[in-house]
Amino acid sequence: MLHKPLSLARAPFIRAALLSAALAYLPALPAFANPQAIAPGEQVLPEEERIKAFQAGVAAYDAGDYARAYEIWLPLAKLGDLAAQRNVGHLLRLGRGTARDLPRALYFYERAADAGLNAAALNAGTLLLGAEGIERDTEDAADYFMQAAQDGYPEALYQLALLTEAGDGTGKDPAKADRLMRLAAFLGHEKARARIGLDTRLDEVRAPSNAS
């Protein structure tokens with residue numbers, strides 16, 4: 001079942017609280033159920049036609065007709081609809097309605113993320129940690145996790161904490177890594193909570209100085 005998209009302007013902790021469970025082996029957020037913004041400079045359909053087409057894709061997805069959803073969303077993704085780009089990335093990553101293709105999924109996640117969709121930045125960053133067929137690039141992954149951390153996504157904060165702790169793809173900073181880990185734990189990330197203990201309280205968390 002698709003979920004309603006969250007406004008890109010919502011407060012970070014509100015968005016983070018609605019982070020979904022993992023999809024397949026990769027931490028991810030649910031596919032968007034409404035069209036989002038259009039990337040600047042992209043060719044677009046008339047707004048009413050674009051929304052109607054996107055919702056037809058949602059109906060197909062909800063009915064389990066992933067091939068039809070992919071067929072509908074792909075042209076919208078190519079025309080710059082950010083939610084369609086991320087949804088197509090999900091279908092390509094999971095092999096639903098089309099052949100599984102992680103490099104192509106990354107392409108669509110990156111397009112959406114680079115145009116400002118922070119949820120897609122989390123997906124892109126995770127694939128860049130070394131998914132099958134994708135060269136590990138922790139520098140770009142750290143940048144995408146930093147982008148997603150602006151909206152408080154726990155998985156982004158956790159992964160950024162690990163990279164910062166190791167100095168992998170970003171400057172090594174144990175104190176900052178600890179703050180990021182504690183913030184991820186406070187927001188409910190189970191692995192982060194296990195790292196620092198399950199009794200994390202709000203007064204123990206300081207917002208990371210460079211995470212936004």
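Nothing fancy with the numbering, it's 1 onward along the sequence.
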| said: side chain to side chain contact (heavy atoms under 4.5 Å, CB included), that's the test. Do Lys191 and Met181 meet it? Break it down for me. | reply: CA-CA 9 Å; Lys191 290 183 179 179; Met181 190 67 71; over 6 Å; no
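- Asp178 contributes atom CG, which lies 11.0 Å from atom CG of Leu183 (distance to the nearest 0.5 angstrom).
- Looking only at side-chain heavy atoms (C-beta outward), Arg50 and Leu79 stay at 4.5 Å or farther from each other.
- The two residues Ala121 and Ala148 come nearest to each other via the heavy atoms CB-N, 4.2 Å.
- Between Gly169 and Ala142, the shortest heavy-atom contact is O-CB, 3.9 Å.
- For the atom pair CD of Gln85 and CG of Asn123, the computed distance is 12.5 Å after rounding to the nearest 0.5 Å.
- Looking only at distances, a side-chain donor or acceptor of Gln147 sits under 3.5 Å from a matching main-chain atom of Ala113.
- Arg111 and Lys78 get closest at one heavy-atom pair: NH2-O, 3.6 Å.
- To the nearest 0.5 Å, the span separating OH on Tyr107 from CG on Leu127 amounts to 15.5 Å.
- Between Leu91 and Trp73, the closest side-chain pair of non-hydrogen atoms falls below 4.5 Å.
- A distance of 9.0 Å separates CG of Leu76 from CD of Glu49, quoted to the nearest 0.5 Å.
- In this structure, Asp81 CG and Leu74 CG are separated by 12.0 Å, a value rounded to the nearest 0.5 Å.
- In this structure, Asp151 contributes its side chain and Tyr153 its backbone to no donor-acceptor pair below 3.5 Å.
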| message | With side chain to side chain donor-acceptor pair (under 3.5 Å) as the criterion, how do Tyr61 and Arg68 come out once you've worked through the C-alpha distance, each side chain's angles and the decisive distance to 0.1 Å? | response | CA-CA 8 Å; Tyr61 185 96; Arg68 179 58 178 157; over 6 Å; no
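- To the nearest 0.5 Å, the span separating CZ on Phe186 from CD1 on Ile196 amounts to 11.0 Å.
- One finds no salt bridge joining Glu47 and Lys52 here, because no Lys/Arg side-chain nitrogen approaches an Asp/Glu carboxylate oxygen to under 4.0 Å.
- Ala192 and Ala185 make their closest contact through CB-N, 3.6 Å (heavy atoms, listed as atom of the first residue, atom of the second, distance).
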| request: List the steps and the verdict of salt bridge (charged side-chain N to carboxylate O under 4.0 Å, His left out) for Glu190 and Arg195. | output: CA-CA 9 Å; Glu190 290 301 323; Arg195 286 283 296 257; over 6 Å; no
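- Nearest heavy atoms, Leu180 versus Ala161: CB-CB, 3.7 Å.
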| task | Starting from the C-alpha separation in whole Å, work towards a yes-or-no answer on side chain to side chain contact (heavy atoms under 4.5 Å, CB included) for Leu92 and Leu102. | result | CA-CA 7 Å; Leu92 286 163; Leu102 296 185; over 6 Å; no
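- There is a side-chain donor-acceptor pair under 3.5 Å between Asp168 and Thr138.
- Of the possible donor and acceptor atoms, none in the side chain of Glu165 sits under 3.5 Å from a partner among the backbone N and O of Pro174.
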| Should Glu110 and Leu128 be marked as a side chain to side chain contact (heavy atoms under 4.5 Å, CB included) after you check the CA-CA gap, both sets of side-chain angles, and the distance that decides it? | CA-CA 10 Å; Glu110 288 185 322; Leu128 285 167; 3.9 Å; yes
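- Between Ala115 and Leu82, the closest heavy-atom pair is CB-CD2, 3.5 Å.
- Of the options Arg93, Arg104, Arg86, a side-chain hydrogen bond (donor to acceptor under 3.5 Å, both in side chains) to Tyr109 is made by Arg93 and by none of the others.
- A 4.5 Å side-chain heavy-atom check between Thr164 and Lys172 finds every atom pair outside the cut-off.
- Leu157 is not listed as a side-chain neighbour of Phe145, based on a closest heavy-atom distance of 4.5 Å or more.
- Taking the six-membered ring for Trp and the full ring otherwise, Phe108 and His90 have centroids separated by 6.0 Å or more.
- Donor-acceptor pairing under 3.5 Å is lacking for the side chains of Tyr70 and Asp65.
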| field | Gln159/Leu129 under side chain to side chain contact (heavy atoms under 4.5 Å, CB included): CA gap, chis, key distance, verdict | value | CA-CA 9 Å; Gln159 294 295 345; Leu129 290 179; 3.5 Å; yes
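- A heavy-atom distance below 4.5 Å is not found between the side chains of Tyr144 and Leu122.
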